[in-house]
S.K.: 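Below you will find the structure I want to go over with you.
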Amino acid sequence: MADLFFWGTGRRKSATARVRICKGEGKIIINKRPIEQYFPIALTRKIVVQPLTTTETLGKFDIYANITGGGSTGQSGALRHGIARALVKFNEEFRSSLKKMGYLTRDPRMKERKKYGLKSARRRPQFSKR
């Protein structure tokens, strides 16, 4: 039973995706909804399936994911990261092609925190000489 599923966790910005892949006919379920309903924009759906097209496994795995936090772009990037990690657990030979395309690298860009004395992360109060 443990060998039937392969897990991967992906993150981008403030979004986190817990991904579970298993052999199947290629359906993608995100938060108990199909991918077409969860990501209505075609570009975000294309981002999600990039690791599968790179490894030529599109349509061979069923993907179940739970995503929290962030917006649609961050969530699709987190899902792509999680799928890539799960594929590497399935077959270690996928690592070189996924690494070359950059799908195994976590995107480190985050929102900068607000500092004291400032109005936001970098915005300063207006300066007046008098």
Side-chain angles (χ1 to χ4, degrees):
M1 182 76 185
D3 294 342
L4 297 176
F5 293 105
F6 299 92
W7 292 85
T9 303
R11 293 185 185 88
R12 184 172 189 270
K13 291 187 173 182
S14 60
T16 303
R18 293 176 309 178
V19 181
R20 186 179 72 179
I21 66 170
C22 64
K23 293 267 189 184
E25 63 267 2
K27 62 182 176 190
I28 301 174
I29 306 297
I30 304 163
N31 292 353
K32 299 180 182 175
R33 289 191 280 172
I35 188 170
E36 293 81 16
Q37 189 179 354
Y38 195 83
F39 290 125
I41 300 169
L43 179 65
T44 52
R45 288 196 301 267
K46 187 177 178 185
I47 288 170
V48 168
V49 297
Q50 282 176 339
L52 298 169
T53 55
T54 301
T55 57
E56 298 170 0
T57 55
L58 189 61
K60 296 179 182 174
F61 288 105
D62 287 341
I63 298 170
Y64 303 95
N66 290 324
I67 308 178
T68 58
S72 61
T73 307
Q75 286 186 351
S76 63
L79 185 54
R80 178 178 74 177
H81 188 217
I83 290 170
R85 282 182 161 183
L87 285 171
V88 168
K89 284 188 180 176
F90 169 72
N91 188 351
E92 193 66 34
E93 295 172 4
F94 291 154
R95 178 177 289 278
S96 61
S97 60
L98 291 171
K99 185 91 169 162
K100 188 167 62 174
M101 296 299 287
Y103 301 145
L104 292 175
T105 306
R106 191 226 190 273
D107 192 351
R109 295 176 291 179
M110 299 284 283
K111 183 177 179 182
E112 192 173 340
R113 78 171 202 83
K114 182 193 176 301
K115 281 82 168 187
Y116 56 86
L118 304 182
K119 293 184 180 288
S120 62
R122 298 186 182 191
R123 169 105 171 88
R124 302 193 180 281
Q126 186 173 353
F127 174 75
S128 175
K129 205 169 205 178
R130 299 183 213 284

S.K.: Heavy atoms, side chains only, cut-off 4.5 Å: are Arg85 and Val19 in contact?
M.R.: no
S.K.: With a 4.5 Å heavy-atom cut-off, do Ile63 and Leu52 have their side chains touching?
M.R.: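 A side-chain contact under 4.5 Å exists here.
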S.K.: For the pair Gln50 and Met101, evaluate side chain to side chain contact (heavy atoms under 4.5 Å, CB included) and give the outcome as yes or no after the intermediate values.
M.R.: CA-CA 9 Å; Gln50 282 176 339; Met101 296 299 287; over 6 Å; no
S.K.: Atom NZ of residue position Lys114 - does it have more than 12 heavy atoms of other residues, nucleotides or ligands inside 6.0 Å?
M.R.: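 It does: Lys114 NZ has more than 12 such atoms within range.
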S.K.: Gly69 and Ala15: which non-hydrogen atoms are nearest, and at how many Å?
M.R.: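 It is O-CB, 3.4 Å.
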S.K.: For Val49, run the side-chain contact (heavy atoms from CB on, under 4.5 Å) check against Thr57, Leu58, Leu79 and tell me which one passes.
M.R.: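 Going through the options one by one, the only one that passes is Leu58.
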S.K.: How many angstroms lie between atom CH2 of Trp7 and atom CZ of Arg18, to the nearest 0.5 angstrom?
M.R.: 7.5 Å
S.K.: Quick one: pull up NZ in Lys119 and CD in Gln126 and give me the separation to the nearest 0.5 Å.
M.R.: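 These two atoms lie 9.0 Å from each other.
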S.K.: Do Asp62 and Glu25 have side chains that get closer than 4.5 Å, going by heavy atoms?
M.R.: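 Yes, their side chains come closer than 4.5 Å.
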S.K.: Starting at OG of Ser14, measure out to CD of Gln75 and round the result to the nearest 0.5 Å.
M.R.: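 Going from the OG atom of Ser14 to the CD atom of Gln75 covers 8.5 Å.
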S.K.: Is the closest side-chain heavy-atom distance between Tyr103 and Leu87 below 4.5 Å?
M.R.: no
S.K.: If you count heavy atoms of other groups shown closer than 6.0 angstrom to CD of Glu112, is the number above 12?
M.R.: yes
S.K.: Please find the pair of heavy atoms, one from Ser97 and one from Thr55, that lie closest to each other, and give the distance.
M.R.: OG-CG2, 4.1 Å
S.K.: Answer yes or no: is there a side-chain heavy-atom contact under 4.5 Å between Arg12 and His81?
M.R.: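 SC-SC contact between Arg12 and His81 ruled out.
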S.K.: Ile47, Ile21: one ILVMFWY side-chain cluster at the under-4.5 Å cut-off?
M.R.: no
S.K.: Look up atom CD1 in Ile83 and atom CZ in Phe6, then write down how far apart they are to the nearest 0.5 Å.
M.R.: 15.0 Å
S.K.: Please confirm whether Arg20 makes a cation-pi placement over Tyr64, using NZ or CZ under 6.0 Å from the six-membered ring centre and within 45° of the ring normal.
M.R.: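 Judged by the rule, Arg20 and Tyr64 form a cation-pi pair.
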S.K.: For Phe61 and Phe90, run ring pair (Phe, Tyr, Trp, His ring centres under 6.0 Å): C-alpha distance rounded to whole Å, both residues' side-chain angles, the deciding distance at 0.1 Å, then the answer.
M.R.: CA-CA 11 Å; Phe61 288 105; Phe90 169 72; 4.8 Å; yes
S.K.: Can you confirm whether Glu36 is buried at CD, in the sense that more than 12 heavy atoms of other residues, nucleotides or ligands lie under 6.0 Å from that atom?
M.R.: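 Count over threshold, so yes.
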S.K.: Kindly compute the distance separating CZ (Phe94) from OG1 (Thr54), expressed to the nearest 0.5 Å.
M.R.: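 With rounding to 0.5 Å, CZ (Phe94) is 10.5 Å from OG1 (Thr54).
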S.K.: At their closest point, which heavy atom of Ile67 faces which heavy atom of Ala17, and how far apart are they?
M.R.: CG1-CB, 4.0 Å
S.K.: How close do Met110 and Arg106 get, counting heavy atoms only, and between which atoms?
M.R.: SD-NH2, 3.9 Å
S.K.: Using the side chain to side chain contact (heavy atoms under 4.5 Å, CB included) rule, take Asn31 and Asn66 through it: C-alpha gap first, then chi angles, then the decisive distance, then the call.
M.R.: CA-CA 5 Å; Asn31 292 353; Asn66 290 324; 3.8 Å; yes
S.K.: Hey, could you give me the NZ/OG1 distance between Lys46 and Thr53, rounded to the nearest 0.5 Å?
M.R.: 8.5 Å
S.K.: Looking at side-chain heavy atoms only, is the closest gap between Val48 and Arg80 below 4.5 Å?
M.R.: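 A side-chain contact under 4.5 Å is absent here.
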S.K.: Got more than 12 heavy atoms from elsewhere within 6.0 Å of CZ, Arg45?
M.R.: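 Yes.
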S.K.: Should the heavy atoms of other residues, nucleotides or ligands under 6.0 Å from NZ of Lys115 be counted, would the total exceed 12?
M.R.: yes
